[in-house]
Number of protein chains: 2
Amino acid sequence: MSDDTTLAAFDKAFELVTHVAELMQEALAQRGLTTPKAQVIFALHHEGPQVQRKLSEALRCTPRHVTALIDNLSEAGFVARGPHPTDRRATLVTLTQQGVEAAERMVREREKSAEELLGEVPEDQLKAFIAVADRFIGGQSDE
Amino acid sequence: MSDDTTLAAFDKAFELVTHVAELMQEALAQRGLTTPKAQVIFALHHEGPQVQRKLSEALRCTPRHVTALIDNLSEAGFVARGPHPTDRRATLVTLTQQGVEAAERMVREREKSAEELLGEVPEDQLKAFIAVADRFIGGQSDE
DNA sequence: AGAACATCGTGAAGTCACTACACAATGTAT
DNA sequence: ATACATTGTGTAGTGACTTCACGATGTTCT
């Protein structure tokens, strides 16, 4: 059947992964960020201030590492620690003004990049892309 | 309003990247490998025995790191160091039997996974996927 | 109330992937 | 023969991330 195309599409997905991962890291590095740090900023941006424990779940890393991440981000001025209103063990992490601006800038750049890269692509192609991507994301057994 | 679809496709690409990267790492970890180690094995598999310097270019990492990688892979039995026929400074890295088997197994699994995941997808959708992926990748692919 | 236990964040220490620098051995050019 | 380039590796360091132990606080149970 279309085995060749199937394989080509499969390989292309890996190529895409490599390439996009690289692009993303470069873009973030330019702003002094790494992927997990950006994840923190995004999490705070659209979930609001959060406790570190919650962030560690969102990033799927240890609470200890979140401490380090927040140390780093707060030193760089993106976030700030504050007291939790009811639980005095917890600290509430909030985006600073600079953090909010960074988040918004990244959102705008996402839109700009999407338009630049895919603006001319016909809609049905995009939908096919999404459909195939969902195949990857959907069914899978790691065994 | 293909803008929405454009953004959706863009975001989907990132989702795909995250997901596939994870899948790949899990699959490799099961065999005691990491991404760069697997790259070494593949490079040797379809380029034949190579000098470390060459591998460092293929992996775009420092020669020093290749040394560490090969130390590791050779300890695990996947590759072996041998003398270079003409240049006595260089060592020639070769796949062991176990290394060859690992490479072949991974190739087979790639085919199996491709079939499982994308086997039922119509060819024109796959082609659209590839076309869109190429938009991301742009004008350049190394290798 | 007090004892027992769970939870939040962090210090200390370690692993792992990776880098920069220095260097000995070898190859190449003049 | 001298000078320089190149191959691989030791030493040392960074950065992301983990496990373990602990003090401070919150919760529950009698």
Side-chain angles (χ1 to χ4, degrees), chain A residues 17-18 21-22 24-26 28-44 47-76 78-94, chain B residues 18 21-22 24-26 28-44 47 49-76 78-94:
Chain A
V17 166
T18 308
E22 242 167 54
M24 191 164 59
Q25 288 191 346
E26 271 172 31
L28 292 176
Q30 264 180 335
R31 322 217 166 292
L33 293 175
T34 62
T35 309
K37 287 183 203 166
Q39 278 179 289
V40 169
I41 292 181
F42 276 125
L44 295 175
E47 300 270 331
Q50 277 179 65
V51 160
Q52 293 185 200
R53 168 76 187 174
K54 193 101 179 289
L55 288 172
S56 85
E57 283 162 16
L59 304 205
R60 288 187 305 173
C61 70
T62 57
R64 184 58 186 89
H65 184 46
V66 173
T67 298
L69 246 28
I70 300 300
D71 283 352
N72 204 310
L73 280 170
S74 108
E75 200 175 326
F78 290 106
V79 307
R81 275 187 249 245
H84 190 284
T86 71
D87 190 337
R88 286 195 314 190
R89 294 167 304 179
T91 64
L92 208 54
V93 185
T94 348
Chain B
T18 308
E22 242 167 55
M24 192 165 57
Q25 289 191 346
E26 271 172 32
L28 292 176
Q30 268 179 334
R31 322 217 167 291
L33 292 175
T34 62
T35 309
K37 286 183 203 166
Q39 277 178 288
V40 169
I41 291 180
F42 276 125
L44 295 174
E47 300 271 331
Q50 277 178 64
V51 160
Q52 293 186 198
R53 169 76 186 175
K54 194 101 180 292
L55 289 172
S56 85
E57 283 161 17
L59 303 205
R60 287 185 309 173
C61 70
T62 57
R64 184 59 185 88
H65 185 45
V66 173
T67 299
L69 246 27
I70 301 300
D71 283 351
N72 203 310
L73 281 170
S74 110
E75 199 175 326
F78 290 105
V79 307
R81 274 186 251 247
H84 189 285
T86 71
D87 189 338
R88 287 194 312 190
R89 295 167 302 180
T91 64
L92 208 55
V93 184
T94 349

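Every chain is numbered from 1 and lettered A, B, ... according to where its sequence line falls, protein lines coming before strand lines. These numbers come from a predicted model, not from an experiment.
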#### Entry: Any B/T62 side-chain N or O less than 4.0 Å from OP1/OP2 of C/dC18
no
### Query
What integer distance in Å separates B/R60:CZ from C/dT19:P?
11 Å
### Task
Starting at atom NE2 of B/H65, determine the distance to atom C1' of D/dT7, rounded to an integer number of angstrom.
18 Å
### Message
Of the options C/dC8, D/dT6, D/dT18, whose atoms approach the side-chain atoms of B/R89 most closely?
### Response
D/dT6
### Task
Return the nearest nucleotide to the side chain of A/D87; candidates are D/dT9, C/dT19, D/dG26.
D/dG26
### Task
Ignoring backbone atoms, test whether B/R53 places a side-chain nitrogen or oxygen under 4.0 Å from the OP1 or OP2 oxygen of D/dT7.
yes
### Query
The side chain of A/A90 lies closest to which of these nucleotides: D/dG8, C/dC8, C/dT26?
C/dC8
### Distance (rounded to the nearest 0.5 Å) between B/L44 CG and B/F78 CZ
12.5 Å
## Note on the structure
Checking D/dT6, C/dA17, C/dG9 against the side chain of A/T91 (C-beta onward), the nearest is C/dG9
### Task
Nearest whole angstrom, please: distance from the C1' of C/dC18 to the CG of B/L69.
10 Å
### Spacing of B/K54 atom NZ relative to D/dT6 atom C1', expressed in whole Å
16 Å
### Message
C/dT7, OP1 or OP2 - any side-chain N/O from A/Q52 closer than 4.0 Å?
### Response
no
#### Entry: Passing candidate, side-chain contact (heavy atoms from CB on, under 4.5 Å) with B/V66, options B/L55, B/V51, B/V40
B/L55
### Query
Mind checking whether B/L92 and B/P85 have side chains closer than 4.5 Å, heavy atoms only?
yes
### Message
Please report the distance, rounded to the nearest Å, between CD1 in A/I70 and P in D/dA16.
### Response
14 Å
### Atom pair CG/CD of B/L33 and B/Q39 - distance to nearest 0.5 Å
11.5 Å
### Message
Short of 4.0 Å, heavy atom to strand atom, which residues of residues 28-41 of chain A count as contacting DNA chain D?
### Response
A/T34, A/P36
### A/L92 CG - C/dT7 P separation (whole Å)
20 Å
### Summary
Whichever of A/R88 and A/N72 has the more 5' nearest nucleotide on DNA chain D, that residue is A/N72
### Task
Select base, sugar-phosphate, or nothing to describe what A/V66 touches, counting heavy atoms under 4.0 Å on all strands.
nothing
### From B/I70, B/L69, B/L59, residue fulfilling side-chain contact (heavy atoms from CB on, under 4.5 Å) relative to B/K37
B/L69
### Message
At 4.0 Å (heavy atoms only), tell me whether B/S56 reaches a base, stays on the sugar-phosphate, or touches nothing.
### Response
nothing
### Task
Give a yes/no answer on whether the side chain of A/T67 brings an N or O atom under 4.0 Å of OP1 or OP2 in C/dG9.
no
### Query
Roughly how many Å is it from CG in B/D71 to P in D/dT11, rounded to a whole number?
13 Å
### Query
To the nearest angstrom, how far is B/Q25 atom CD from D/dA16 atom P?
16 Å
### Query
From A/Q52 CD over to A/R64 CZ, what is the distance, rounded to the nearest 0.5 angstrom?
9.5 Å
### Summary
The residue among B/Q30, B/M24, B/R31, B/Q25 that forms side-chain contact (heavy atoms from CB on, under 4.5 Å) with B/L28 is B/M24
### Query
What is the nucleic acid contact for B/R64, judged by heavy atoms within less than 4.0 Å: base, sugar-phosphate only, or nothing?
base
### Task
May I ask you to test the A/R89-A/R53 pair for a side-chain heavy-atom distance under 4.5 Å?
no
